Amino acid sequence: GRGVLPRAMAALGAYRCIECNGEATELYRDYRRGVLRISICKSCQKPVDKYIEYDPVIILINAVLCKAQAYRHILFNTKINIHGKLCVFCLLCEAYLRWLQLQDSSQNTDPDDLIRYAKEWDFYRMFGIASLEQTSFFIGIFITLWWMTPEMLKRKSDFILLLKALLLSTYGKLLLIPAVIWEHDYTPLCLAFIKVFVLISNSQAIRVTLNLNRILPWFAIFFGLIFENGVVCLFQKMGWDV
């Protein structure tokens, strides 16, 4: 059956073909009485966006598989506006994991020491550290891309779209909570796989947004990681408990 169609898809606007990334004025044409015809891309002669008829669950699965077509559908042909809330929730998941590890590493076993468990400051501090690291990581990516491909980041809208894509592609951090809940001997390995998955998603988001090859996004991510670690080391040298 047909899935939920994106809002305002029939209106004229700038859409993208999910196959060749070519521009299109419409995704489908409504002939009334429930008869819809998906538009055909003038460049590749394929449907502009086949996902408008797919169930959201299938679209999510394709996004998890890091398919470029699914990323183009989400970023260019839908009106999703949850990147801010998703970013905060992912940071909360990461802060909770760090706070939990901090509690486990404590050597104080006094059962009457309720203050250690009640302190909210440690959790807020972990949230601030996670936010600082992610911000530094994104800044490193933006600096690298602006330096190597300045023509692709000329307008403010280009920066906003790339930031939105990066925030949405961090959804893999939501897996941190199940990894902690189902704790076992392989938890560190699971956390490493989650980190790699998030980086792969970031790379695909950069590639789709700016229509780049596979190498340049990874180059930007590499320098983003270097910048992130550099900022953390700088604050540590300044005496901050990061």
Side-chain angles (χ1 to χ4, degrees), residues 13-24 43 63-78 80-88 90-91 94-95 127-173 191-240 242:
Y15 301 109
R16 297 286 184 88
C17 172
I18 64 172
E19 301 293 340
C20 68
N21 202 41
E23 293 186 357
S43 300
V64 171
L65 294 175
C66 291
K67 289 190 176 183
Q69 294 89 341
Y71 273 71
R72 291 192 183 104
H73 167 78
I74 294 172
L75 293 175
F76 298 120
N77 299 337
T78 62
I80 293 180
N81 193 30
I82 63 170
H83 49 282
K85 296 178 180 178
L86 179 63
C87 173
V88 173
C90 288
L91 289 174
E94 189 169 355
F127 181 82
I129 293 173
S131 302
L132 173 65
E133 291 181 355
Q134 180 164 294
T135 301
S136 303
F137 176 62
F138 286 170
I139 291 176
I141 290 177
F142 276 105
I143 291 176
T144 304
L145 292 174
W146 182 79
W147 174 58
M148 300 193 68
T149 58
E151 68 280 356
M152 294 186 178
L153 294 173
K154 289 182 178 180
R155 299 171 298 178
K156 180 181 178 181
S157 58
D158 297 329
F159 282 93
I160 294 176
L161 180 61
L162 180 56
L163 178 60
K164 177 182 177 180
L166 288 171
L167 292 176
L168 289 175
S169 63
T170 59
Y171 66 92
K173 291 184 178 181
L191 298 180
F193 275 122
I194 292 173
K195 178 67 174 180
V196 172
F197 175 74
V198 171
L199 293 178
I200 293 175
S201 299
N202 293 153
S203 172
Q204 191 71 310
I206 297 172
R207 178 186 170 217
V208 167
T209 304
L210 301 181
N211 197 26
L212 301 173
N213 56 35
R214 296 179 182 272
I215 298 177
L216 188 54
W218 279 109
F219 194 71
I221 287 176
F222 175 73
F223 275 93
L225 291 173
I226 292 178
F227 191 80
E228 174 188 333
N229 292 326
V231 170
V232 171
C233 291
L234 177 62
F235 279 106
Q236 286 177 342
K237 289 184 177 180
M238 293 172 59
W240 288 32
V242 175

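As a basis for the values below, the full set of heavy atoms in this structure was taken, side chains included, without hydrogen atoms, waters or symmetry mates. Computed from a prediction, not measured in an experiment: that's the story for all the values here.
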Open item on the list: Any side-chain to backbone donor/acceptor pair from Glu94 onto Ala130? Under 3.5 Å, distance only.
Closed with: no
Open item on the list: Would you say that Val64 contacts Tyr171 through its side chain, given a criterion of any heavy-atom pair below 4.5 Å between the two side chains?
Closed with: yes
Task: Nearest-0.5 Å distance, SG of residue Cys90 to NZ of residue Lys85 - done: 14.0 Å
- [ ] Output the distance between atom CG (Leu167) and atom SG (Cys87), rounded to the nearest 0.5 Å.
- [x] 5.0 Å
Open item on the list: Are Phe197 and Phe193, when compared by the centres of their aromatic rings, separated by less than 6.0 Å?
Closed with: no
Open item on the list: Quick check: closest heavy atoms across Phe76 and Leu161, and the distance to 0.1 Å?
Closed with: CE2-CD2, 3.5 Å
Task: Sub-4.5 Å side-chain heavy-atom contact between Glu133 and Ile129 - done: yes
Open item on the list: For Phe137 and Leu225: C-alpha separation, side-chain torsions, deciding distance, then whether side chain to side chain contact (heavy atoms under 4.5 Å, CB included) applies.
Closed with: CA-CA 6 Å; Phe137 176 62; Leu225 291 173; 3.8 Å; yes
Open item on the list: Let me confirm one number: the CG-CD distance from Asp158 to Glu151, rounded to the nearest 0.5 Å.
Closed with: 10.5 Å
Open item on the list: If you define the side chain from C-beta out and look only at heavy atoms, does anything of Tyr15 sit under 4.5 Å from Glu23?
Closed with: no
Open item on the list: Please check: side-chain N/O of Asn229 versus main-chain N/O of Ile226, any donor-acceptor pairing under 3.5 Å?
Closed with: no
Open item on the list: What I'd like to find out is whether the side chain of Trp146 reaches to under 4.5 Å of the side chain of Ile141, using heavy atoms alone.
Closed with: no
Open item on the list: Tell me the closest heavy-atom pair linking Ile139 and Phe227, and the distance in Å.
Closed with: CG2-CE2, 3.8 Å
Task: Side-chain touch Val208/Asn21, heavy atoms, less than 4.5 angstrom - done: no
Task: Note, Leu216 side chain near Ile206 side chain (heavy atom, < 4.5 Å) - done: no
Task: Which atom of Gln134 lies closest to which atom of Leu91, heavy atoms considered - done: OE1-CD2, 3.9 Å
Open item on the list: Let's go through Phe159 and Phe142 carefully: what are the C-alpha distance in whole Å and the side-chain angles of both, what is the deciding distance for ring-ring contact (aromatic ring centres under 6.0 Å, His included) to 0.1 Å, and is it a yes or a no?
Closed with: CA-CA 8 Å; Phe159 282 93; Phe142 276 105; 5.7 Å; yes
- [ ] Work out which heavy atom in Ala205 is nearest to a heavy atom in Ala165; give both atom names and the distance.
- [x] CB-O, 3.6 Å
TODO: Taking the side chain as every heavy atom from C-beta outward, state whether Arg207 and Asn213 have any atom pair closer than 4.5 Å.
DONE: no
TODO: I would like to know whether Leu191 and Lys195 meet side chain to side chain contact (heavy atoms under 4.5 Å, CB included); could you show each step before the answer?
DONE: CA-CA 6 Å; Leu191 298 180; Lys195 178 67 174 180; over 6 Å; no
Task: Separation between CD1 of Ile200 and CG of Leu65, rounded to the nearest 0.5 Å - done: 11.5 Å
Task: Test log, rule side chain to side chain contact (heavy atoms under 4.5 Å, CB included), inputs Asn81 and His83 - done: CA-CA 6 Å; Asn81 193 30; His83 49 282; 3.0 Å; yes
- [ ] To the nearest 0.5 Å, tell me how far Ser169 OG sits from Tyr71 OH.
- [x] 6.0 Å
TODO: Work out which heavy atom in Phe138 is nearest to a heavy atom in Thr170; give both atom names and the distance.
DONE: CZ-CG2, 4.1 Å
- [ ] Working to the nearest 0.5 Å, report the span between CG of Asn202 and SG of Cys66.
- [x] 9.5 Å
Task: Check: Gln69/Arg72 side-chain N/O donor and acceptor closer than 3.5 Å - done: no
Open item on the list: Could you check whether atom CD1 of Ile215 has more than 12 heavy atoms from other residues, nucleotides or ligands sitting under 6.0 Å from it?
Closed with: no
Open item on the list: When you measure from the side chain of Lys164 to the backbone of Ile80, do you find a donor-acceptor pair of N or O atoms at a distance under 3.5 Å?
Closed with: yes
Open item on the list: If you define the side chain from C-beta out and look only at heavy atoms, does anything of Leu212 sit under 4.5 Å from Leu145?
Closed with: yes
Open item on the list: Restricting to non-hydrogen atoms, name the atom on Leu168 and the atom on Leu86 that form the minimum distance, rounded to 0.1 Å.
Closed with: O-CD2, 3.7 Å
